[in-house]
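Heads up, the thing below is written out as structure tokens.
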Amino acid sequence: MSVDLRRQTEISMLDSARFFFDRAADILKLEEPLRELLRYPKRKLIVNFPIRMDNGKVQHFEGYRVQHHPVLGPTKGGIRYHPDVSLDEVEALSVLMAWKCSVMGLPFGGAKGGVKCNPKEMSLGERERLTRRYASEIAPIIGPDVDIPAPDVYTGEREMAWIVDTISMHHDGQFMPGLVTGKPLVLGGSLGRDTATGRGAYFVAVQLIKNMKMKLEGSTAAVQGFGNAGSVIANNLHDSGAKIIALSDSRGGITKSTGLDPHKVMEYKEKNGTVVGFPSSEKISNNDLLELNCDLLAPAALENQLTEKNASKIKAKAVIEVANGPTTMKADEMLYERGISVVPDILANAGGVTVSYFEWVQDRAFYFWSAEEVDLKLKQFMDSAFQRVWDMHVEKKVSLRTASYLVAIDRVAKAARARGIYA
Ligand code: GLU
């Protein structure tokens with residue numbers, strides 16, 4: 001009962017993803033059969049499996065893998081481990097991945113996977129057994145030419161290495177590096193993959209500032225989430241002369257009007273496990289950080305941070321969505337009406353999947369690029385995607401989010417029309 005009530009009042013990520021799709025599909029006047037095809041994923045797999053825990057007891061876990069459409073190429077997207085993972089969330093994220101890959105011009109469709117679990121409460125051995133068993137469960141629908149997983153929330157190169165090893169064992173031990181991206185370097189990972197999401201978001205921020213006729217040097221930024229992506233964009237902005245006035249992690253935030261040095265904050269966090277308590281900073285909550293007066297706000301933590309409750313209080317000039325789905329559809333409209341530019345997740349955090357694409361290309365060629373080459377190509381991909389979106393935003397007089405969806409959906413629709421229907 002309470003679950004149903006919650007579903008009626010809360011806007012889920014899936015509602016938002018469908019709303020953003022419909023809005024763009026209306027503008028594109030997308031024909032009905034294509035609208036039906038692209039609004040929903042092609043495949044949703046639910047797996048239920050047992051794991052032997054360290055205490056000898058057997059516990060069951062539920063996992064998912066959802067694939068949008070392999071129109072442009074194999075589907076692509078991460079795997080997350082989180083207690084709140086659900087089929088609806090994974091579906092929404094697979095749709096976001098589809099538009100993300102398309103807006104970037106990558107030859108991929110979208111996908112996402114997840115396991116409902118709390119990795120923070122599991123031992124290394126339990127996480128390994130869970131990862132290997134989940135990989136075997138989704139093995140029938142993944143592969144280097146079919147669907148290529150990658151890291152996402154609470155997964156990383158260690159999980160990717162276990163997945164490659166497990167699936168390779170299913171193929172007579174044949175090493176299959178192109179099966180997942182975000183692997184350790186020694187197993188065919190790419191230089192620059194670990195910093196790619198934050199680095200890509202930084203390139204987007206630079207282009208946005210330029211197009212808004214502002215200056216990066218001396219501008220102010222607040223970053224919510226000081227993990228892999230948030231710390232990189234904070235470092236890059238700081239190194240380019242921007243002032244980082246606030247940072248946060250899951251335990252809370254810190255603020256300093258004269259600016260924080262994120263490199264020093266990282267050293268502090270490595271010793272203390274949190275940014276909170278960093279010398280000469282003031283404590284601030286994750287919610288209050290969002291409402292600070294600044295030029296750039298980068299939500300780089302989890303979804304649903306900018307909602308109808310706080311959208312009227314946001315004072316930033318622009319929002320760079322480093323996390324997936326940080327803005328609900330209502331908040332998105334409110335921010336647009338208030339003249340706040342929002343670079344949507346499907347563009348702002350696409351650096352990760354773009355370097356995943358580079359990794360996959362390198363694995364297929366068994367020829368590996370230098371860090372400089374990866375960084376240069378990432379900048380080229382981010383800059384040209386940003387330009388496509390900015391031009392659409394100016395031409396159609398729509399928000400950057402709608403413009404991104406228009407670019408992305410139009411490309412997939414054109415490919416689907418060219419392929420026609422096999423029936
Ligand atoms: N999980 C990342 C994302 O949401 C990366 C996906 C990938 O590299 O395939 O974009």
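First listed ligand is number 1; within each ligand, the first listed atom is number 1.
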Do the side chain of D147 and the main chain of P74 share a donor and acceptor less than 3.5 angstrom apart?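 A pair under 3.5 Å: no.
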Within the distance-only criterion (no hydrogens, no angle test), does the side chain of R133 pair as donor or acceptor with the backbone N or O of I51 below 3.5 angstrom?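 Not a single qualifying donor-acceptor pair exists.
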Which heavy atom of the protein is the closest neighbour of [atom], given with residue, atom name and distance?
atom: atom 7 (C) of ligand 1; answer: A150 CB, 3.3 Å
atom: atom 1 (N) of ligand 1; answer: D152 OD1, 2.7 Å
atom: atom 8 (O) of ligand 1; answer: S356 OG, 2.5 Å

For K379 and D375, run salt bridge (Lys or Arg N to Asp or Glu O under 4.0 Å): C-alpha distance rounded to whole Å, both residues' side-chain angles, the deciding distance at 0.1 Å, then the answer. CA-CA 6 Å; K379 179 167 168 30; D375 199 55; over 6 Å; no
Is [X] near ligand 1, meaning one of its heavy atoms is under 4.0 Å from it?
X: A111; result: no
X: R193; result: yes
X: R80; result: no
X: G182; result: no

Using 30° and 60° as the class boundaries, would you call the ring planes of F381 and F358 parallel, tilted or perpendicular?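 Because their plane-to-plane angle is over 60°, the rings of F381 and F358 count as perpendicular.
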What's the shortest heavy-atom distance between P177 and K183, and which atoms?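 Reported closest heavy-atom pair: O-NZ, 2.8 Å.
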For ligand 1, is there an N or O atom under 3.5 Å from any N or O atom of N324?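 N324 vs ligand 1: N/O contact under 3.5 Å present.
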Tell me if the centroids of the rings in W360 and F108 come within less than 6.0 Å of each other.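 Yes, the ring of W360 comes within the 6.0 Å limit of the ring of F108, centre to centre.
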Ligand-side contact atoms (ligand 1) for residue partner K112, heavy atom cut-off under 4.0 Å: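 Per the distance check, 1 (N), 3 (C), 4 (O).
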Of the side chain and backbone of P151, name the one, both, or neither that has a heavy atom under 4.0 Å from an atom of ligand 1.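 The answer is the backbone.
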Which option, K76, M97, K100, owns the non-hydrogen atom nearest atom 6 (C) of ligand 1?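 The residue whose heavy atom sits nearest atom 6 (C) of ligand 1 is M97.
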Would you mind reporting whether E308 and T328 have side-chain heavy atoms less than 4.5 Å apart?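 T328 vs E308: side chains apart.
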Could you verify whether a donor N or O on one side chain and an acceptor N or O on the other, from D152 and T155, lie under 3.5 Å apart?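 No.
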